[in-house]
Amino acid sequence: MRTHRWRKSSYSSQGANCLYVSAPDSATIRLRESDEPDTILTTTPRALSALIRSAKAGQLDHLGKA
């Protein structure tokens, strides 16, 4: 497996539960969590941007409700 240059989110604390981001090229973004470093989510900058905009707008709030 290729080694990626991971960067820790500035919103992550110094302890566990940190989010790491890697952008090996301009069309790919990889995300992983410190608790499960072998589980990597791969997406595009456009898709990640849409997800973040939706979350900020509250469009995903219903997902956490039973």
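Being a predicted model, the structure only gives us computed values, none of them experimental.
Shown here for Asp25 and Ala27, the closest heavy-atom pair between the two residues is OD1-N, 2.9 Å. Scanning both residues, Trp6 and Arg32, for their nearest heavy atoms gives NE1-NH1, 3.4 Å. Nearest heavy-atom pair, Pro45 versus Ser26, reported as atom, atom and distance to 0.1 Å: CG-O, 3.5 Å. Contact record, Pro37 with Ser34: CD-O, 3.4 Å, taken as the closest heavy-atom pair.
With a 4.5 Å cut-off on side-chain heavy atoms, Arg7 and Ser22 do not count as touching.
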Using atom types as modelled, flag every donor-acceptor pair under 3.5 Å from a side chain in residues 54-61 to any protein atom, sequence neighbours excluded.
from, atom 1, to, atom 2, distance (Å)
Ser54, OG, Ala50, O, 3.0
Ser54, OG, Gln59, OE1, 3.2

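Applying the side chain to side chain donor-acceptor pair (under 3.5 Å) definition to pairs two or more places apart or across chains, those involving residues 40-51 are Ser49-Arg53.
The CG atom of Leu31 sits 5.0 Å away from atom CG of Leu41, with the distance rounded to the nearest 0.5 Å.
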